[in-house]
> 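I have a structure I would like to understand better, so I am pasting it below and will then ask my questions one at a time.
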There are 2 protein chains.
Amino acid sequence: MKASTNYSKATHICIYLNIKEKELINSAELAESIKTNPVVIRRLIGLLKSHEIIASISGANGGFYLKREPENISLWDIYLATREEDFFKRPKVNPACLISSNLEILLHDSSLAAELSMKNELETITIKDLSLNLMHIVEEQGVDEEVTN
Amino acid sequence: MKASTNYSKATHICIYLNIKEKELINSAELAESIKTNPVVIRRLIGLLKSHEIIASISGANGGFYLKREPENISLWDIYLATREEDFFKRPKVNPACLISSNLEILLHDSSLAAELSMKNELETITIKDLSLNLMHIVEEQGVDEEVTN
DNA sequence: TCGTTCTGTAACTTTAAGGGTTATAGTTAA
DNA sequence: TTAACTATAACCCTTAAAGTTACAGAACGA
């Protein structure tokens, strides 16, 4: 359905910003954690900024921080910020076929309803919940190191 | 990386098989309608066969037909037949990062719940419903031709 | 029974979108 | 003024979906 990994990466970033004691994290540090490029991080955070999830400070010693309290950022918020245009992708329309040329309208309502039905589930889980869960997992694993590095 | 269009194409095929008066449709005719290759059609129908949605007859004058009544094939059935492994795609795990290495387990339950929540919406729409809707649309459009070609 | 017309699949090639990279303008702290 | 950041455009690379070729197996009909 979706080829992009933005939802997972965005969640990772939010947990990171919440867990780290530092108030500002720059894109190089986040990129190191996700093993990607700082530009990729900044591009993805651009989506989260326009949804008021993350904010940034430019210039020397700048970086990113959560714009809302972690208990006020749900997975549904992150989903909306990273969602793609079409919930179900469609092949190119064949104008000579009346099924193909009407398929979008035929499937539109049910696709919208299916996507919206996820809201009830995803809005109940917040970045605070996930951060606490992570702490419990790490305690059980008895890992003797920082959560982020 | 590219996202699959199998859900849309599978729905197209089921409506086609339902609407056409002929009892058997071959992959060449379906490919012409979707503007793709017969092999692509047969590969996709393989998924629908294993879910008892479509059946086939080999040999000369062979082809495909709906294995169930159209009112007993829902969009949820088609979704399950064409769904991919991961509901939300994840980037490669960074073992050096405790967030990355635990992200799958952190997101697992909510992802499963979100996917399952679509069932309530998609199982209410059947191939019969979509076929009837298409007929209404075509009547309104006043198109003076066959629905399939 | 032999040729024709289908399905089923494997193996390979092509294409396009996600993601990585380079470059550079703008911003802020020291 | 310099250094360390963000923001973004423009490009390149990689990979999975989709397309293609090839052929074995199945069924029909002359």
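Order of the sequence lines fixes the chain letters, A, B, ..., with proteins taken first and strands second; residue numbering starts at 1 for each chain.
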> Without decimals, in angstroms, what is the distance between Glu85(B) CD and dA17(D) C1'?
17 Å
> I need the minimum non-hydrogen distance between Thr124(B) and Asn120(B), along with the two atoms involved.
CG2-O, 3.2 Å
> Between Ser27(B) and Arg42(B), is there a side-chain donor-acceptor contact under 3.5 Å, judged purely by atom types and distance?
yes
> Between dA17(D) atom P and Leu44(B) atom CG, what is the distance in whole Å?
13 Å
> When you get a sec, tell me which of dC5(D), dA18(D), dA10(C) is the closest nucleotide to the side chain of Asn6(B)?
dA18(D)
> How would you list all residue pairs meeting ring-ring contact (aromatic ring centres under 6.0 Å, His included) that involve residues 23-78 of chain B, not counting sequence neighbours?
Trp76(B)-Tyr79(B)
> According to a strict under-4.0 Å criterion, is Thr5(A) in side-chain N/O contact with OP1 or OP2 of dG18(C)?
no
> Taking CG from Leu48(B) and C1' from dT7(C), how many angstroms apart are they, rounded to a whole number?
15 Å
> Is there a donor-acceptor pair closer than 3.5 Å between any side-chain N or O of Asp129(A) and the backbone N or O of Thr126(A)?
yes
> Rounded to whole Å, please give me the gap between NZ in Lys35(A) and P in dG18(C).
24 Å
> When the distance from OH of Tyr65(B) to C1' of dC6(C) is rounded to whole Å, what number comes out?
15 Å
> Would you call Glu69(B) and Lys128(B) a salt bridge, taking side-chain N to carboxylate O under 4.0 Å as the test?
no
> From the options dG26(C), dT9(C), dT15(C), select the nucleotide whose nearest atom is closest to the side chain of Val39(B).
dT9(C)
> Using modelled atom types and a 3.5 Å cut-off, is there a donor and acceptor pairing between side-chain atoms of Ser100(A) and backbone atoms of Val93(A)?
no
> Let's test your reading of the model: under 3.5 Å, does the base of dG18(C) pair with the side chain of Arg43(A) as donor and acceptor?
no
> The side chain of Asn26(A) is closest to which nucleotide in this list: dA18(D), dC5(D), dT22(C)?
dC5(D)
> Reckon Ile45(B) touches a base, only the sugar-phosphate, or nothing at all at heavy-atom distances under 4.0 Å?
nothing
> Between Asn37(A) and Ala60(B), which is nearer to the 5' end of DNA chain C once each is assigned its nearest nucleotide?
Ala60(B)
> Where each residue is assigned the nucleotide of DNA chain D containing its nearest heavy atom, which of Lys9(B) and Gly46(A) is assigned the position nearer the 5′ end?
Gly46(A)
> Just N and O in the side chain of Ser4(B): are any of them under 4.0 Å from OP1 or OP2 of dA18(D)?
yes
> If you only use heavy atoms from C-beta on, which nucleotide in dG8(C), dA16(C), dG19(D) is closest to the side chain of Lys2(B)?
dA16(C)
> If I take atom CZ in residue Arg42(B) and atom C1' in nucleotide dA22(D), what distance separates them, rounded to the nearest angstrom?
11 Å
> Starting from P on dG18(C), measure out to CD1 on Ile41(A) and report it in whole angstrom.
17 Å
> Using OP1 and OP2 only, check whether a side-chain N or O of Ser56(B) sits under 4.0 Å from dG8(C).
yes
> Closest approach to the side chain of Asn61(B), judged atom by atom: which nucleotide of dG29(D), dA17(D), dT6(D) is it?
dG29(D)
> Considering just the side-chain nitrogens and oxygens of Ser27(B), establish if one lies under 4.0 Å of OP1 or OP2 belonging to dT7(C).
yes
> Please report the distance, rounded to the nearest Å, between CD1 in Ile25(B) and P in dC6(C).
12 Å
